[in-house]
Structures are given as C-alpha cells and as structure tokens.
Amino acid sequence: MGVMTSLCAPLSPPPLSEKAREQLTQDLQKYRRRLASRQLASIAASPETAGSEPLVTQYLMDVAREFMDSAANSRPTCLEHWGELFSILRIRSTAPTGEHRRAARRNLAAGLLFLAADREERFTVETELDAFGRMLDTRSGAWIRPPFAPDAPLGATAKDGVITLREIDRPAADGIVLEQCDKMAQKVPRLGATQILLFDDPAALGIPVSAAVKSPTEFQSFVDSVKQAMDVLSSLAPLWRDWIASLVPALVYMGAPPPKSDSRSESYGAGFPICLSHVRDPMRHAEDLVHECQHHRFHLWAQDVAWDSLGLHTCEFVSPYRGDPRPLSGLHLGLHAFTAVNAFRLDAIDTGLIGKIQFGALLRTHCANLFAWSTLMDFETAGGEVARYLNEVAAELVRHHAAIRTLMPDMAFREIQQHFSEHIEQVSQQCGGARNNAPVYTNWDAIVEAAKRRTRSNI
C-alpha cells in the first residue's frame, strides 16, 4: 500500500467519500481489535494486574470470543463503540487516582450492560452512581439519573433487551427498568451539527484535570472556543473538519494550560476523545485539533506499516518537542503532527488570517521539525513506505522553509538555533548522552539542502 494511496496517508487528509468513511470505520475496528488484543496479552502475562478488575477481563474475553466466532467477525459489536475500551485504558493507566479509576469502572460497567442487553444470557454487575447521582451512557451521549442516592452502590442486570437497576441490598423485584430512568436523562452537549460530545468535566471519563482547574478570566469559554475553532476549520480547512468529525468522539476540557504555554492537548489513540485546555484564541484550539487528529491518523496508518522503530521504547534521543529523552517513535509522532500544524498555519496566512498566527510558534515548530526529520534520516532504518513518507515530509519542509524565510529575519533563526542547542545539552544530560546531540541537527540551512536532495532523488 503506497503512502499516497493510503486512506490515512501521511500529512494530507484525503476527502472522505462514503466509501472512504466505510474504510475508516473498518480501520478503527482493526485498531481497536489490536489494542484489545494487547491489553488481553498484558493481563495474561501479569494476571495480578487484573485480579481486582473483573470487568476488564469480562470485556476483553467478550472481544476474544467474538473474533473466534466467524459469524461475529462481520459485526464485532464489542468494538463498535469507543467507550468500553477507552475506560479500560483509563483503569489500567498509572496516571489516574483511585477516584478516576472508579469513574472509568462505572463507565465500563455501563458499557457492558448496554452490550449485554441484546443477549439471551443474563449479565449482572455491581456498580455505583457518581457523586451527582448519575450514570454515563457514552453510546447515547447522556447522563442517566436513576432515583437513587449519589454514590449509591447498585446491582444491575441486563437480559433480553432490558436493563434493570436496584439498590445492592434490595431484592430484584424492587429494581427500576433503565427505560424509566431514561426519562430523567440529561444529554451531553454536542459540538454543533457533529456527533462529538463535549465534556466540561474530565473526571467523568476517568481523566485527571490539570492543577489549575479554574482558568483566568482572560481565557475564553471552552465550549465557545471549540465551536469557533471548528468554524475556522470549516472555512479554512474543511477536510480537517470532516476528519475530526469522523474520528473524534468527544472533546474534554482539561483546565488551564501550563505556565508560559498558550494551550495544552492530549489524546490516547485513534478514535478516542481529545482533551483540550482553555485558550485565549480559538485559533489555538484549531491548531490543537489538527495536531491531535493527525496523531489519530498516524496510529491508523502505522498499524499496517512494517516499522520496527515504533516498537522500540528506549529513550535515547533528544526530542525537539519535549524536555525529556524520547524513543525514535516519539520523534516520528511529533514530526507527523507538527508538520501538519505548520501547513495549516501557512495556509491560514495565505488566506489572510496572518494576524491569528503566532510567528514565534511557527518558526519554533518549523525548526523542531527540521531537527526531528534530520534525526530520523540518520537513525530510521525502515525502507519502503516509511522511506517514501520521509521523502514526502522533506518536500513539505522545503516548502515551509521558503515561506517562513520570507516572514522571519535571519536573527530569529539564529536565536532559535541557540535555544535548541541549549535544549540538546539539557535533555542529553538526562540520559547520559543522547544519540542525536550533535550541532548538525540545528544547522537549518544544511538540513533544508539535504531535504531538497532527498526530494530531487525521490528515494
């Protein structure tokens, strides 16, 4: 599969025809299946890590059984939705506190109930409501409010299309059918005409919020800002809007950005929610959405590529994007996303939105991309599609360099070179000497000349 014909081709998202959307759905299913398989293998290798999480094992075994059944292969119901697998990632993450894991368990239990509702065999689980007396149904995008006390432990049963909830110490006859509870449902807001859910509380999905929960008053409303960001994408980059609407199930507010930063964003894999901080300008949200959506596309593309370095986790390289040593795969991920972000910024300048672009960020990102590309040219050993991809990146960086040279003075390039020289020294010390700590990785003009040669030779 050539890099220019792949649905998730690097750098530039193609139009999403009906056929392409069907292919994207299949790619997401395959991605989720492999992710579930890795989770199951991890538990099998270390059973003690799953001993207190029977719901995790329950779901993963359901996935395994479905794919052993040839009839189920055509419609893998366990993997049709993002919520259950995402909850497992949050439960098994080392980052969340006990409270965040409890939220993820609640969401997984709810997901399993909805999965089991159409089956003939009875499924029973113990769960609880949150502190507000709610249960999150990520499938319908609604908070269900049963008439029970907040934090109440519940027994839940699913069978023959009916889900029943009851207080844990009450008999089954006292249960309430979930359809009755649906009348008290509160819909989670959606982003405009899309199906993207908007969560202003990351804890609801088991995601820790940044330390600064309340943003300063100069930050714009999170919901208003992401709506305006999608409007920007609709007018400036409609392909990105379409891909975001097709790949991203939810946007999650995660507090204020770190000190001295204009924004912060995170995501956890293809087809999972994107977390965004508050920003002062919706253009930062537009950039972050392009960045994170590109990560999703990278994961879907890379799953079908022979790429040994993505499986290497030794942190022995300076990353121009982070302040800690990273594996080579980290540089791949950063280069792929930030090249797309700078392409978006330059397109914005070309269409008259020059006042919305931070030139310092444009230059710093470009030089970071040159740094990363040069490192990958020296240390990436994969050929074939990966080599063609790096050739495509080379052509894009040459184009970016020519445009940015007309916008920024030579002094700015020298200052950013000094910045990265200091960055190399600081990060290299953390790992006892990084493999890419030579001055050549900040010689911008020499790197661009190498990129031009790479483009001309069409290696």
Side-chain angles (χ1 to χ4, degrees), residues 13 188-202 204-205 207-210 212-298 321 333-334 336-349 351-362 364-365:
V188 177
R190 296 182 186 271
L191 181 57
T194 74
Q195 295 300 305
I196 299 175
L197 302 175
L198 295 175
F199 289 94
D200 58 5
D201 179 10
L205 294 177
I207 300 170
V209 71
S210 61
V213 176
K214 292 187 179 295
S215 299
T217 55
E218 66 263 27
F219 287 110
Q220 189 171 1
S221 157
F222 173 72
V223 172
D224 290 344
S225 182
V226 294
K227 287 181 177 178
Q228 291 178 43
M230 285 295 277
D231 289 341
V232 169
L233 292 170
S234 294
S235 60
L236 181 61
L239 287 180
W240 278 115
R241 174 207 59 201
D242 292 347
W243 274 82
I244 291 165
S246 298
L247 273 178
V248 181
L251 299 179
V252 186
Y253 164 64
M254 60 185 305
K260 300 181 181 180
S261 296
D262 292 312
S263 68
R264 179 187 174 204
S265 64
E266 292 181 359
S267 58
Y268 300 91
F272 291 136
I274 289 176
C275 303
L276 300 167
S277 71
H278 264 130
V279 295
R280 293 179 174 85
D281 186 334
M283 182 60 81
R284 304 291 83 75
H285 270 157
E287 293 171 352
D288 286 345
L289 286 171
V290 169
H291 175 107
E292 297 298 341
C293 183
Q294 190 74 330
H295 281 338
H296 291 215
R297 296 181 63 246
F298 182 89
Y321 311 109
L333 199 62
H336 186 253
F338 280 111
T339 303
V341 170
N342 260 9
F344 170 73
R345 289 167 173 164
L346 290 171
D347 287 345
I349 291 173
T351 56
L353 294 178
I354 191 169
K356 290 290 187 179
I357 301 303
Q358 297 175 322
F359 279 26
L362 176 70
R364 185 170 58 252
T365 299

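Note that the coordinates shown come from a computational prediction; the quantities given were computed from them, not determined experimentally.
- Taken from CZ in Phe344 to CH2 in Trp240, the straight-line distance is 10.0 Å, to the nearest 0.5 Å.
- Put simply, the side chain of Pro273 reaches to within 4.5 Å of the side chain of Leu205, judged on heavy atoms.
- Taking NZ of Lys227 as the start and OG1 of Thr194 as the end, the distance is 10.0 Å to the nearest 0.5 Å.
- The heavy-atom pair separating Val279 from Ser263 by the smallest distance is CG1-CB, 3.6 Å.
- Remark: aromatic rings of Phe272 and His296 are distant, center separation not under 6.0 Å.
- In this structure, CG on Asp231 lies 12.0 Å from CG on Leu236, to the nearest 0.5 angstrom.
- Nearest heavy-atom pair across Ala256 and Ser277 is C-CB, 4.0 Å.
- Here the CZ atom belonging to Arg345 is positioned 11.0 Å from the CZ atom belonging to Phe359, to the nearest 0.5 angstrom.
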### Query
Could you go step by step and tell me if Arg190 and Leu197 meet the side chain to side chain contact (heavy atoms under 4.5 Å, CB included) rule?
CA-CA 4 Å; Arg190 296 182 186 271; Leu197 302 175; 3.3 Å; yes

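- No donor-acceptor distance shorter than 3.5 angstrom exists from the side chain of Thr339 to the backbone of His336, with no hydrogens or angles considered.
- Rounding to the nearest 0.5 Å gives a distance of 6.0 Å between CD1 of Ile357 and CZ of Arg284.
- Among Val252, Val188, Val226, the one residue that satisfies the side-chain contact (heavy atoms from CB on, under 4.5 Å) test with Leu198 is Val226.
- Taking OG of Ser235 as the start and CE of Met230 as the end, the distance is 11.5 Å to the nearest 0.5 Å.
- Using a 4.5 Å heavy-atom threshold, the side chains of Phe199 and Ile207 count as separate.
- Between Glu292 and Val248 the shortest side-chain heavy-atom distance does not fall below 4.5 Å.
- The two atoms that bring Arg280 and Asp262 nearest to each other are NH1-OD1, 4.2 Å, heavy atoms only.
- Within the 4.5 Å cutoff, no side-chain heavy atoms of Ile196 are placed close to those of Ile274.
- With His291 as reference, His295 is the one residue of Gln294, Glu287, His295 to meet the side-chain hydrogen bond (donor to acceptor under 3.5 Å, both in side chains) rule.
- Within a 6.0 Å radius of CG in Asp200, no more than 12 heavy atoms belonging to other residues, nucleotides or ligands are found.
- Minimum heavy-atom separation, Leu362 to Asn342: O-ND2, 3.1 Å.
- Of all non-hydrogen atoms in Ser265 and Met254, the two that sit nearest each other are CA-SD, 4.4 Å.
- In summary, the side chains of Ser225 and His285 do present a donor paired with an acceptor at a separation below 3.5 Å, with no hydrogens or angles considered.
- Nearest heavy-atom pair, Val290 versus Ile244, reported as atom, atom and distance to 0.1 Å: N-CD1, 4.4 Å.
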